[in-house]
Amino acid sequence: MKSNKLILSSIIFMLSLSFVLAASVSSPEYFEGKWNVLIKGTPEGDATIPIRFETIDGKTTGYFLEEGATEEKKMSSATINGDVINTSFNISGYDVTLFLKKVDADNAKGDLLGMFDAEGTRVKEESK
């Protein structure tokens, strides 16, 4: 009888734990939309990169706008793990990686190439 209670208690505990873990993992929707990412302290000074993410059929794709360009370029990769996105792309002739972690509903922080601090701010769509 004690072993049945122990088994039942273990099953209930495992189910509860799985629901808690599932609720704590951010979905790709957090990163959806447009962001302005400020890169601090580059050799050319601070720079802002307009970035956009979209997720279709569970696959996240990133796009960015290079300074002076009028059309977005597609990132080489964009991978979301929990509340972190890792991207890689070629900008101004350099292959770079960008890491951003959720701070709150509209802000993320991370780094570019592991060397330069990056701060992402969600671009709010203006209501008409």
Side-chain angles (χ1 to χ4, degrees):
M1 186 71 153
K2 285 184 181 183
S3 65
N4 287 342
K5 287 182 180 180
L6 180 62
I7 291 171
L8 183 59
S9 296
S10 297
I11 291 171
I12 291 171
F13 174 75
M14 295 301 281
L15 284 172
S16 299
L17 184 61
S18 66
F19 287 123
V20 168
L21 290 176
S24 69
V25 174
S26 293
S27 63
E29 288 81 27
Y30 170 76
F31 290 102
E32 291 282 320
K34 296 179 181 180
W35 293 79
N36 284 326
V37 179
L38 174 65
I39 310 299
K40 296 181 175 183
T42 74
E44 287 82 32
D46 294 352
T48 299
I49 305 172
I51 292 178
R52 179 176 63 88
F53 297 108
E54 68 181 13
T55 302
I56 299 174
D57 296 329
K59 177 153 177 49
T60 301
T61 305
Y63 302 90
F64 66 98
L65 194 59
E66 223 171 325
E67 186 175 343
T70 57
E71 291 187 33
E72 292 179 321
K73 290 185 179 180
K74 186 176 178 181
M75 293 180 174
S76 306
S77 69
T79 307
I80 296 173
N81 187 7
D83 59 358
V84 173
I85 189 164
N86 285 295
T87 66
S88 61
F89 52 100
N90 184 292
I91 187 167
S92 300
Y94 296 99
D95 289 328
V96 299
T97 57
L98 173 67
F99 157 87
L100 291 172
K101 181 176 177 149
K102 176 181 177 179
V103 172
D104 59 32
D106 295 320
N107 297 285
K109 284 191 176 188
D111 62 64
L112 181 80
L113 292 170
M115 299 186 307
F116 305 105
D117 290 338
E119 294 179 358
T121 304
R122 184 181 311 279
V123 175
K124 303 272 186 164
E125 298 294 325
E126 294 181 23
S127 56
K128 296 178 182 181

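The first residue of the sequence shown is numbered 1, and numbering continues consecutively from there.
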- Query: Is any side-chain heavy atom of D57 closer than 4.5 Å to a side-chain heavy atom of K59?
  - Reply: no
- Salt bridge R122-D106, side-chain N to carboxylate O under 4.0 Å: yes
- ILVMFWY network linking L100 to L65, side-chain heavy atoms under 4.5 angstrom: no
- Taking a hydrophobic cluster as the set of Ile, Leu, Val, Met, Phe, Trp and Tyr residues connected by side-chain heavy atoms closer than 4.5 Å, whether directly or through intermediates, do F99 and L38 fall within one such cluster? no
- Task: Evaluate the criterion side chain to side chain contact (heavy atoms under 4.5 Å, CB included) for residue pair K74 and F89; output intermediate values, then yes/no.
- Result: CA-CA 8 Å; K74 186 176 178 181; F89 52 100; over 6 Å; no
- May I ask you to establish whether K73 and F64 are in a cation-pi arrangement, using a distance under 6.0 Å from NZ or CZ to the six-membered ring centre and at most 45° from the ring axis? no
- Decide yes or no on side chain to side chain donor-acceptor pair (under 3.5 Å) for T97 and S88, but give the supporting numbers first. CA-CA 4 Å; T97 57; S88 61; over 6 Å; no
- Query: How many angstroms lie between atom CD1 of I85 and atom CG of N81, to the nearest 0.5 angstrom?
  - Reply: 11.0 Å
- Would a distance-only check, ignoring hydrogens and angles, find a side-chain to backbone donor-acceptor pair under 3.5 Å from D46 to G41? yes
- Message: Can you tell me which residue among D111, N86, V84 is in a side chain to side chain contact (heavy atoms under 4.5 Å, CB included) with K101?
- Response: V84
- Hey, are the side chains of F31 and I80 touching, using non-hydrogen atoms and a 4.5 Å cut-off? yes
- Does I49 share a hydrophobic cluster with V103, counting links as ILVMFWY side-chain heavy atoms below 4.5 Å and allowing steps through other members? no
- For E54, look at atom CD and say whether over 12 heavy atoms of other residues, nucleotides or ligands are found less than 6.0 Å away. yes
- Query: Is it true that I39 and Y94 fall in one hydrophobic cluster, defined by side-chain heavy atoms closer than 4.5 Å?
  - Reply: yes
- Query: Taking all atoms of both residues into account, what is the closest heavy-atom pair of Y30 and N107, and its distance?
  - Reply: OH-O, 2.7 Å
- Query: What's the verdict on side chain to side chain contact (heavy atoms under 4.5 Å, CB included) for M115 and T42, showing C-alpha distance, side-chain angles and the deciding distance?
  - Reply: CA-CA 9 Å; M115 299 186 307; T42 74; over 6 Å; no
- Task: Any chance you could measure R52, atom CZ, to T61, atom OG1, to the nearest 0.5 Å?
- Result: 9.0 Å
- Query: Would you say F116 and W35 are hydrophobically clustered, going by side-chain heavy atoms of ILVMFWY under 4.5 Å?
  - Reply: yes
- Gap between atom CD of E119 and atom NZ of K109 - 0.5 Å precision: 5.0 Å
- Message: Donor-acceptor pair, distance only, cut-off 3.5 Å: does the side chain of E66 make one with the backbone of S92?
- Response: yes
- Distance-only, no hydrogens or angles: does the T87 side chain make a donor-acceptor pair with backbone N or O of L98 under 3.5 Å? yes
- Message: With no hydrogens and no angle check, just 3.5 Å: does a side-chain donor-acceptor pair link T55 and E32?
- Response: yes
- Task: List in chain and number order the residues that pass ring pair (Phe, Tyr, Trp, His ring centres under 6.0 Å) with Y63, two or more places apart in sequence or in another chain; answer none if no residue qualifies.
- Result: none
